[in-house]
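Right, one structure below, let's go through it.
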Amino acid sequence: MQDKIEKIGTGTWIQHGDLNKRVYLMKLAKQDCPQIIQEINELANRKQYSKIFCKVPQSMAPYFTANGFIVEAQIPRFFSHSETVFFMSKFPDPDRLLSIETQQLNQLSSLLRETKAIDKETLGENNYIVKMLKENDCKNISSVYERVFESYPFPIHDPDYILQTMNNAVRYFGIEHKGKLIALASAEMDRQAQNAEMTDFATLPDFRGKGLALKLLASMEEQMKQEDVKTLYTIARLNSAGMNKTFLRLGYSYCGTSLKNTNISGKIESMNIYYKHV
C-alpha cells in the first residue's frame with residue numbers, strides 16, 4: 001500500500017493515501033491559493049485522513065492560518081534563497097495526537113544542546129568511499145530500502161520508482177563494501193527554488209555505527225553546491241537519535257517538529273525538521 005502523488009489546481013502537487021492517513025501538500029502553486037485550501041480540506045474529510053501537512057510560502061501562510069492550520073516549523077530563505085517556508089498542519093481527527101512520543105520530545109532539548117559539530121575533514125579517515133549511484137543501481141537501491149524499512153511514505157522499495165525519481169532531479173548516493181551496496185541516501189532537488197531535501201538514509205544493520213550517514217551527507221552537500229542549491233533540509237525521525245545527531249554534527253539547525261506525520265518502519269511517527277544554507 002502506497003500513497004499516491006497527483007497534481008491538483010494549476011500546478012500544485014500533493015501526496016495522499018491510507019498509508020500515512022494524511023494529505024501532504026508538497027508544492028503549492030501560488031495562483032492556486034486560497035481556493036486550494038478548501039479542496040484539500042474536502043479531500044481529507046472525504047477520505048477520513050487524520051492530518052493535513054503543507055509546505056507553504058510565507059506570502060501564502062495567512063490564508064492557511066485563517067483556515068485553522070498551525071505552524072510546526074519554518075525555514076528562512078527556502079525559496080530561491082529569499083522567501084521563508086512554513087510547514088503548516090491541521091488535524092481533522094485530533095485522536096491522531098493521542099500517542100505522541102512524549103519521552104523523545106522531552107529528550108530533544110538535551111540532544112540539541114549536547115550534540116557538537118565536527119570537522120568534515122575527519123570523515124575521510126576510513127576506507128568507505130561515497131559514490132553517486134546510476135540507473136543500473138536501481139534494483140540494489142530498492143533492495144537495501146526493503147531490508148531497512150518495514151514501511152516508508154514513498155515507494156522506495158520499487159526499482160521503477162527509483163528510476164523515475166533519478167530522471168526527475170533526485171540524486172542517489174551510496175557506499176559499497178566488497179562490491180556490495182551497504183548504505184545510501186538521496187538529495188531531492190527543487191532546481192527552481194534552489195533547495196534540496198536530504199533524505200532516504202539507510203544503512204544495513206551490520207554496518208551501522210561506523211559514521212556512514214555522516215560521510216554520505218558530507219558528500220551530498222558538496223554535490224548540491226555544484227548544482228547551485230542554496231538551502232538543504234531534512235525531515236528526520238524524532239525516534240532516531242542517531243539520524244538527528246548526524247545533521248546536528250554537520251551544522252544543521254533544528255526548526256521544529258511535525259507531530260505524528262509519517263508512516264515509517266511500520267507506524268506513524270513525529271518528524272524533526274532541520275536546515276542548512278550552503
Cationic N near anionic O, under 4.0 Å, Glu188 to Arg171: no
Within the 6.0 Å centroid threshold, strictly below: Phe201 and Phe247: yes
Interatomic spacing from CG in Asp32 to CG in Leu25 - rounded to 0.5 Å: 9.0 Å
is_close_aromatic(His177, Phe207), centroid dist under 6.0 Å: yes
Residue that, paired with Ser151, satisfies side chain to side chain contact (heavy atoms under 4.5 Å, CB included) out of Thr262, Asn20, Asn263, Ile268: Asn263
Salt bridge (Lys or Arg N to Asp or Glu O under 4.0 Å) between Asp228 and Lys230, worked out: CA-CA 6 Å; Asp228 200 32; Lys230 302 297 185 185; 3.3 Å; yes
Ring centres under 6.0 angstrom apart (Tyr252, Tyr274): no
Ser258 side chain to Glu72 side chain, donor-acceptor N/O pair below 3.5 angstrom: yes
Inter-residue atom distance Met189.CE - Met198.CE, 0.5 Å rounding: 10.0 Å
Ile70 CD1 to Phe64 CZ distance, which is reported to the nearest 0.5 Å: 14.0 Å
The single option from Val130, Leu217, Leu204, Thr203 passing side chain to side chain contact (heavy atoms under 4.5 Å, CB included) against Leu212: Thr203
Greater than 12 external heavy atoms within 6.0 Å of Gln48's CD: no
NZ/NE/NH1/NH2 to OD/OE distance under 4.0 Å, Glu83 and Arg77: no
Nearest-0.5 Å distance that lies between atom CG in Asn239 and atom CD in Gln107: 10.0 Å
